[in-house]
Structures are given as C-alpha cells and as structure tokens.
Amino acid sequence: MIRLELTRRPQHSALFSLVSPLLALALTLLAGVILFTWLGKPPAAALYSYFIEPLTEMWSLHELAIKAAPLIIIAVGLCVCYLSNNWNIGAEGQFLMGAIAGSALPVLAPQFANGATLPLMILCGMIGGAAWAAIPALLKTRFNANEILTSLMLVYVAQLFLDWLVRGPWRNPQGFSFPGTITFNEFALLPELMPASGRANLGFVFALVVAVLVWFLLTRTLKGFEVRVLGQSPRAGRFAGFSPAKMTVFAFLVSGALAGLAGISEVAGAVQHLNEKLSIGYGFTAIIVAFLGRLNPLGAVVAGLLLALTYLGGEAAQISLGISDKIARAFQGALLFFVLACDTLIIYKIRLSFGGRRATGSV
Amino acid sequence: MRKLLLAMTAALATTAMTGLAHAQMEKVKACFIYVGPIGDFGWSYQHHQGLLAVEQALGDKVETAYLESVPEGADSERALERFARSGCNIIFTTSFGYMDATNKVAGKFPDVKFEHATGYKREHPNVSTYNARFYEGRYIQGVIAATMSKAGTAGYIASFPIPEVVMGINSFVLGAQSVNPDFKVKVVWANTWFDPGKEADAAKALIDQGVDIITQHTDSTAPMQVATERGIKAFGQASDMIKFGPETQLTSIIDNWAPYYIKRVQAVLDGNWEQVDVWAGMKEGEVVMAEYTNMPDDLKAKAAEIEAKIKSGEFHPFTGPITKQDGTEWLKAGEVSDDGTLLGMNFYVKGVDDQLPQ
C-alpha cells in the first residue's frame, strides 16, 4: 500500500519561512490565471480587480479597514487560546454575546446619552463576550468537557438568543414588526476616523492596539512564556509551577473579551443598530485568520487585511467582469489553500511510504 | 489596467453630469443587488429574471450589473457604494435588510436613483420603494387548497413572522374558509428564507401531522420535492416550479418584477424618474399565477374567475366580515382593510392553528 506521510522537519528553513507566503501568492495567481482563462474572462483584468482595484481608492481602503477590524480583533484573542492548546471554536457566539451585552444600554436606556455611553457599552461588550467564553472554560476545568464541542454549541444558543431579542423584547416599536432594534443615538456610535473620505471607524484602531498589546504579552512577558510552555508541553508547564486549569480560564477570558469587543465595535460602528443578521461568521473566519497569521497577533493583522481584501476583490470582480460570486469564493479558497499548504511544507516534509509500518515521528 | 481605470473615471464623470439636469440619457446602467444566489429558483432568481427582461426590452440602451448573495449586514453598504461609484444610474436593492444601507448610500449619491424592494424608509428624494401584493395570489391558493384537501388541513412553511408573511398566511386562510369554514392551517416557522434541508424537514413534519396540501413562503424547491415523494399536492413559490413537481404543483405565485423594472429604467432614460412608493399586484402584472394544473376543470375555472375579479378590482381578499384569532372583530361585513394595517400586520385571523411568535 502506498501512503503519503507528513514527517516533521528537524528544523525549519529560515529562507523558506520568508519565501513561503510569496510562493503561495505566486501559485494563487497562477491558479487564478488558469481559472479565469478557462471561464473566458481576461485573467489580468480579473486579478487586477481582485487584488489591486480595492486598494486604488480611498473609500475602498476605509471599507477594507471595516471588514478587517472584527476579523483581526477576534483572531488576536484566538492566538492566545490556540497557542496555549485551548480550542475555542465558539468566538462567533462570544462575538454575538458581546454585541448583545454592549447594545443593552442604547436599546434599553436610549435617554442615557452622554460621553460615558460608548465606554460603558464597550466595557459591557467585553464582559459579555468573556462571560460567554467562561462557560466552556469552566466546563473544561471542572468537568473535563471537550471545549471544542461546548464552545461551538454555545454559538447556536447565542444566535437564537439574539434572534429572539430582536424579534421580541428589543424590537423597534416603529419597525412594522420587522426584526431589529432602534438605531443607536449618536453617543452610542464609534466615531469615524476620517469622515471626509469614508466610514472607517475606531474599530480598526482597536484592532491595531489589541494586536500590539497581545503581541507584547505573548513575546515579552512571563505570562506569554507560560502560554507557550503550557501549549507545547503541559507536563513541563506543571513542573514549572504553571496551572493548566488557570491557563484555560485565562485564555478563554481573553479571547472571549476580544470577541465581545469585536461584536460591540461592529454594532456601534458599521451597523448602528442590533439585528439578527449582525454576523456572517466573523467568529469562524477569524479562526482562518489566526492560522493564516501563524498564531502571531501581528501576523493576524496582515492575514485579516488579506482576507478582507479577497471579499472586496470578489465584489469588484463581480461588478466589473461579471464573475460569479461562486467563482470569487472558490478563488478565495484557492488562496487559503496555497498559503496553508506552503506553510505546512515548511514544517513537514512529504514522504511516500510503500507498505510497512508508519515511520516514527510522523503524524 | 489603465483602460479599466479610464473606463471607471468616465463612468464616474457620466454619473456626475446626469445630475445637472433631468436630461434624457443615451444609455443607462442598471444595477441589482440580491440577497440569495440567482440560482435559488425563488426570490433572487425572479429579480434576476427582471434584470434579463430589462436587457431584452431596452437592448443596447442599457448596461446591467449584479451582485448575488450579498449579506444584509455591514457588507451591503459597501456593495451599494461600489455600485454607485462604478457608474450605476439606478440601483435595485432587492431585499428588506438592505433598507438602512440603501438610504445611507442614497444620501451620499444624490444623482443615483435607488429602488428598494419591500421596505418603508424613503429618507432621500432619490429613494423609491416597491413591493407586490402577493396576498392576492395566496387567497386563490387558499380556495384551491380547501377544495382539493380531503383532510381539511393544509401545511404552511413560513419564513419569519414579519407582516408580509403573516399577511400571506391570513389571506390563504380566508381563501380556504370561503370554501370550507372549518378549514385549518398548520404553520411551521423555518426561520430561514432559503435552506432546502430545513424546508424539507418542515414539509415532512407537516405531512406527518396529517396535512395533505403544502404551501410555502420560503424560496427553495425542497418542499415541492418532498410533497411529490409523499404523493400530495403543493404550491410553488416565487417562480413556476412545475418542473420540480409536474404531478404535484397546483399553481404558483410568480413574482414578476419585469414590468416595474423596465418602466423604472425607462424613466431614468427619459429623464423623468420620480420618487414613488408602489404596491402593485395582479392588475399591474406583478403577481402572476402559474398555470392551474393537477386539479379538476371546474376548480380551474373558479380560480380563474377569482383572479379576474381581483384584477378588475371587484374583489379584495381582505373584505369583512373577518374575525381575529382571539375572537375579536377586525373588519365589519363589506369593510375592506386599508394598506397600512396590512403592511404592519401582526395578528392572525380565525382558523390559523398556530401561535404567532411575538
């Protein structure tokens, strides 16, 4: 029997770590040329509208920042989780609970409109997200429940809770029974950065700030060392006096709070009222962003912007060349595939094995 | 690449110039944004048929573009802005959830005309709203259901408890009760507009509860296919679904947006586009019944007769006496509901076997 085996390389080539993203980009472009030629579309124009057109205009850069901000904020939190070997798959739910908790103030007390409104909303949003993330953390540390399952299933609870709120108690009384809350008052909205040229808001600044803060935490502090040690070898961590249980709670609280921050920033920023269509899977896409950024918070910034670009580019290609939405998504998939495949080949090498036992050290 | 940039600049310049006067135009760019895939054979598919009809009717005087599967959150505003900047003269936003984004972008681009389907906000003079009186078709479906059903109960797969859907259920029930006053309708809320899996499950659940007619206010063909498997009759939705149930479909309410779309794009060409709030129905050809099939000839004739009466304005489905589900009187004998009540409808009429989710 012939089998493909991935074997961990003893050391990574520094050169290829740098070249890998470029190689992935080149392969994506090549795949794009083949795909678009096969569809009878001019490949150069298609790739132009995909990767360059969204970057040529100021308003579009604003839109890029809006699209990337929630992805980056969530992914940064997930880096802490995944590096410490805690598999939080439920950032989507924490995003929504953050949005709900933060929206409570402007929806239930619209008359409370002053300078304290927004900071309080953001605080509530972070607490909401962290509280929702605390549930799988406690279930894991107390009952040893699998956090992948519990965090994922809590996403559906959060979605249904949001749906119930905006159709029921929080529904806009002037909204003809359509779901959705009242539009927030101006004190409850995130300020726009440069209103003259586009609608990008403070959310993008939050993204950059949390990325730098968490990067500092992970690389320059004892806590960051603890995250890494416990992630790579819980046993070694215990010898060093670190508690895996405390780490689980810490990682979930951090990533939950950040997902909550992303949620309230999205509501108070681009959407301006709470509705049931708030998220289109930011919490799940952010998982891709975190890995695309190689679990480095600064890498997540780049990855978030890149993924946001593919959404904008997909639209541009639809409008200017009539390329179907499905093709645009397939192309986005190809990009992710090549990036992750190239990265995998830095860490592992492929071996063909003919029968026999699995080589030691393979995965 | 430079060509593309040039083309875009030229397009922008054209948009800027058209704003100067209500002049006639040589060529118009009409753009459409859809919430679902154009292949859903339902809501978005029918809007796209409207786009194709515009192309057919206006030939080389029109250029079209569309975006499909655009989520109704923060993304829709970006998509609309991109449309407006790419030189669209008129933009059709074909889902309720685009309402706020449509009005926001319309404020930024006063020279571009916006047409929002099923909404109620017109915050700028360049925003119109349009909708169709689908309840007219639902009434006829109710009449057919009550005549064809042996069980005396029909199943209704509903999407979301918004006025549009509640109005449809009520109209269906009223039509059915005009034939059989004891007729019952069971409702399942699928909480989706398009999810073939969920819709099929809802259809199976209803059939297991003993209904022998299925109707739907969701967009996929799955309920029709389940009904075919189980050997009962069903109604199509939004488009003619006869090929998914040649022995099953009784009729279907077809959303025919083509007449409205052609008229509005033509108005931009002629330079006489004005803000409107349109709620057209069978009379204007926006609500069309698919061929009446799989039923006796006398029923076909009866359905056609009611259709003709609705078209001529002789009959309105919401004509009293009508009692609400809670037993209170809504309309006195001969009284006709005003449009405002219909558009904000949040109650059932008598005979609906369901609690309206509040």
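In what follows, chains are A, B, ... by sequence order, proteins preceding strands, each numbered from 1. Only a predicted model underlies this, so the values are computations on that prediction, with no experimental measurement involved.
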Parallel under 30°, tilted from 30 to 60°, perpendicular over 60°: which one fits the rings of B:F92 and B:F32? parallel
Separation of B:E199 CD from B:W193 CH2 (nearest 0.5 Å): 10.5 Å
Region of B:E164 in contact with chain A, defined by heavy-atom distances below 4.5 Å: neither
For the interface with chain A, which of B:N191, B:D75, B:L343 has the highest count of heavy-atom pairs at distances below 4.5 Å? B:D75
Do the side chains of B:D100 and B:K121 get close enough for a salt bridge, i.e. N-O under 4.0 angstrom? yes
Ion pair A:K67/A:E63, N-O distance below 4.0 Å: no
Which bit of A:A328 comes within less than 4.5 Å of chain B, counting heavy atoms only: side chain, backbone, both or neither? neither
With chain B, the option among A:K277, A:H62, A:Q272, A:K326 that has the most non-hydrogen atom pairs under 4.5 Å is A:K277
Considering only heavy atoms and a distance below 4.5 Å, find which of B:A65, B:C31, B:S69 pairs most often with chain A. B:S69
Need one label for A:L278: side chain, backbone, both or neither, based on atoms under 4.5 Å from any heavy atom in chain B. neither
Pair B:H48, B:Y66: side-chain N/O donor-acceptor within cut-off below 3.5 Å: no
Heavy-atom distance under 4.5 Å to chain B: side chain of A:S324, backbone, both or neither? both
Counting heavy-atom pairs under 4.5 Å with chain A, the top scorer among B:A74, B:P161, B:G344 is B:A74
Contacting region of B:F83 [heavy-atom separation from chain A under 4.5 Å]: both
Can you tell me which of B:P163, B:P37, B:S76 forms the most heavy-atom pairs within a distance under 4.5 Å of chain A? B:P163
Return yes when atom CD of B:Q56 has more than 12 non-hydrogen atoms of other residues, nucleotides or ligands closer than 6.0 Å, and no otherwise. no
Return the option, out of A:I66, A:V271, A:I319, A:N275, with the maximum number of heavy-atom pairs under 4.5 Å with chain B. A:I319
Looking at B:E115 and B:T129, would you say the former's side chain and the latter's main chain have a donor-acceptor pair under 3.5 Å? no
Under a plain distance cut-off of 3.5 Å, with no hydrogens placed, do B:E68 and B:S44 share a side-chain donor-acceptor pair? no
